[in-house]
Amino acid sequence: MQKDPLLKRLFIYAVLLIFVLIAIYPILRVFSISLRPGDQLLSTSLALVPDGATWSNFVELFTERPFLRWLWNSTFVSLAVTILGVTLASTAGYAISRYKFIGRTAAMLSILTTQMFPATMLLLPMYIIISKMNLLNTYFGLIVVYSATAMPFCVWTMKGYYDTIPYSLEEAAMVDGCNRFSAFYKVILPLVTPALVITGLFSFMSAWSEYLVAAQVLQDPTMYTLPLGLKQFEQSMSTEWGLYAAGALVVSVPVVALFLVANRWLVGGLTLGGVKE
Amino acid sequence: MADVILEHVYKIYDGDVTAADDVNVEIRDKEFVVLVGPSGCGKSTTLRMIAGLEDITKGKITIDGKMVNNVAPKDRDIAMVFQNYALYPHMSVRENMAFGLKLRKFPKDEINARVDEAAEILQLESYLDRKPKALSGGQRQRVALGRAIVRKPKVFLFDEPLSNLDAKLRNHMRAEIMELHQRLDATIIYVTHDQVEAMTMGSKIVVMKDGLVQQVAEPIELYNHPVNLFVAGFIGSPTMNFVEGTVQSGAFTAGTVRFPLTDAQKKGGDNKALVMGIRPEDLKWGAATNGSGELRGTTELAEPLGAETYLHVRVGEKRVIAKVAPNVEYGLGQEAIFHFDPKRTHLFDKGNDQAIR
């Protein structure tokens, strides 16, 4: 491959660097704030490591605040949403991709249409439904809402991925000794790992960092998820910025880790070689 | 014994597209039957109905004496080789071949023995641990074959397995499949659109068109006694020449072509419209002698193939092809005269395209 001229490359790198800085600067600021001792919270210093830097905010977070409780709540809800989302989306996407049934197009379009409404607009009807179903202040209620909001994207992603897999693979499996379900499970599912991972990540993320819905559904502070918990540090008279920043950093760690781990499954070409195109 | 019998089988897709129209075929144990026809003739649909991948709209299919209309593909004891190979991309060659046996809960030793045996037959031993994407087209096709033969099924189904290979590989694989048939002693049903494949491989050929079975016969019978114009034109390369004419005082007449007809052929009386078919190799260079037919035209094109030469000759509105010896001294643009044995001609009723014997 021919390399671009030096000047052009320098320019590209310069532009990329600027964007990296724009992206990373707020995070560095949060990091810096989380290290500040109590008396410097409102300091205007831009130093990455402040004078008298201390881990005390992190320590306080885990020892004096119910942070671990919120962490557990969030993890539970997010994992439940992920499992539910991946299970439902992988099967629903498969059905829509493979079966012809009355209302298929209508189903696809209505799924898509739900994506056109802003979440805030759905908040009130959602609240009414949840309260009528007596699901207020329950994890189940939260899980149902999160799954429902993540599903459209997930179903479309899965459906699109299944569409790229030739039907003759299932037919070969069925002649070889599979029934419909085992053909799906043993032959097709392994080939859609990237889509499963994307679906899983998306479901997890949409639950992990969600605030608005959680604030309506959950009322008992012991049930709070992380975003709700963090908001507690913000009070009418003062905001505990140090704790807030430390909490925000800790919240983002699992997500970053998840992306790093999931990365290795996000590869193309899984279906290469199976069929003659 | 693994006979496959199709009785009055129909496939009508939603709406009114008839893909298979009253198909009746009896496939005997250990026969190599080829379903052949142009694309859209219903041959693949018929094969897929035998496999159980398509529902049967009407009729009855039995395998080994058992009606299988409502039996799942996995319970029909068949193996199928797909046109696009349909290998499992996430499994190695060995796993691909072992998959069916594993699902059927064969003991491990048995599975390994069978896979190794198939790999040896197909010369895949050194590729067993590779994934399909690391194989060439011919190797992939062989893996697909291997996946079928390890199962030792009652019936093998082949859906145009060679159409994705280049010409040289195709000839090679054709021979391999024929050897495999002898070695496995199995019933094979093979779909192709290539009449050369059909003629060379099949012990029985089923010619289909528009969902209808046109003729079921052994290759030579099909070649020598096609039942209608379609079969006559479809089987043979170069294709049979057709000359339209009429019955005049008991003889077939078309321009300069004229020869006497048998009593059966004359039936219908004078002026009956007929189509005469004659194969390129039955047109002999030189003028007619006593009792033979004659055909005159202008040589327009010659294809010297070495062992023989195809002459394209303009006869009135039509062009006919004659297969002549390489030493024939023709001249392009000059008159060519051929003679032929009337017994070697095929006559068809122009009204219904059926052969007149």
Side-chain angles (χ1 to χ4, degrees), chain A residues 86 90 94 97-106 158 160-200 262 264-277, chain B residues 14 48 50-54 72-93 95-106 130-141 143-144 147-148 150-151 153 155-157 159-165:
Chain A
V86 170
S90 61
Y94 184 75
S97 165
R98 291 306 201 235
Y99 292 96
K100 269 192 192 166
F101 51 88
I102 296 170
R104 187 173 89 134
T105 319
M158 292 306 305
Y161 214 86
Y162 287 127
D163 285 349
T164 65
I165 293 176
Y167 191 53
S168 59
L169 286 181
E170 280 127 296
E171 293 184 333
M174 284 195 275
V175 170
D176 257 352
C178 288
N179 55 33
R180 262 262 166 211
F181 184 75
S182 56
F184 164 70
Y185 183 73
K186 290 188 170 159
V187 172
I188 303 305
L189 218 46
L191 298 176
V192 295
T193 339
L196 290 176
V197 170
I198 289 171
T199 310
R264 54 191 288 246
W265 302 105
L266 294 176
V267 287
L270 273 189
T271 55
L272 275 186
V275 300
K276 177 86 178 186
E277 303 299 340
Chain B
D14 36 32
R48 292 167 56 81
I50 298 173
L53 298 171
E54 299 273 357
K74 69 187 175 78
D75 300 321
R76 295 190 181 198
D77 203 4
I78 47 157
M80 186 157 169
V81 178
F82 291 82
Q83 179 173 11
N84 64 5
Y85 321 138
L87 301 179
Y88 312 126
H90 57 303
M91 297 184 197
S92 68
V93 169
E95 288 165 337
N96 261 285
M97 293 208 263
F99 188 65
L101 299 175
K102 264 190 200 153
L103 287 171
R104 288 179 163 74
K105 308 247 183 317
F106 275 70
R130 289 204 193 167
K131 291 270 173 69
K133 67 177 166 199
L135 299 177
S136 70
Q139 288 163 343
R140 285 177 198 172
Q141 189 53 269
V143 176
R147 194 168 62 184
V150 293
R151 295 256 320 276
V155 184
F156 286 92
L157 306 176
D159 190 4
E160 308 217 18
L162 305 185
S163 58
N164 277 327
L165 303 177

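Quick note on labels: first sequence line is chain A, next is B, and so on, each numbered from 1.
Note that CG of A/Leu169 and OH of B/Tyr85 are 13.5 Å apart. Values are rounded to the nearest 0.5 Å. Of the inter-residue distances, the one linking A/Asp176 atom CG with B/Met80 atom CE reads 11.5 Å to the nearest 0.5 angstrom.
In this structure, chain A has no heavy atom under 4.5 Å from any part of B/Arg76.
Residues A/Val175 and B/Arg151 meet the side-chain proximity criterion, which asks for heavy atoms closer than 4.5 Å.
Residues A/Ala172 and B/Ala86 share a closest heavy-atom pair of CB-O, 3.8 Å. Nearest heavy atom pair, residue B/Lys74 against residue A/Cys178, reads CD-O, 3.4 Å.
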request  = Given side-chain contact (heavy atoms from CB on, under 4.5 Å), test B/Leu103 with A/Lys186 step by step and report yes or no.
outcome  = CA-CA 10 Å; B/Leu103 287 171; A/Lys186 290 188 170 159; 3.3 Å; yes
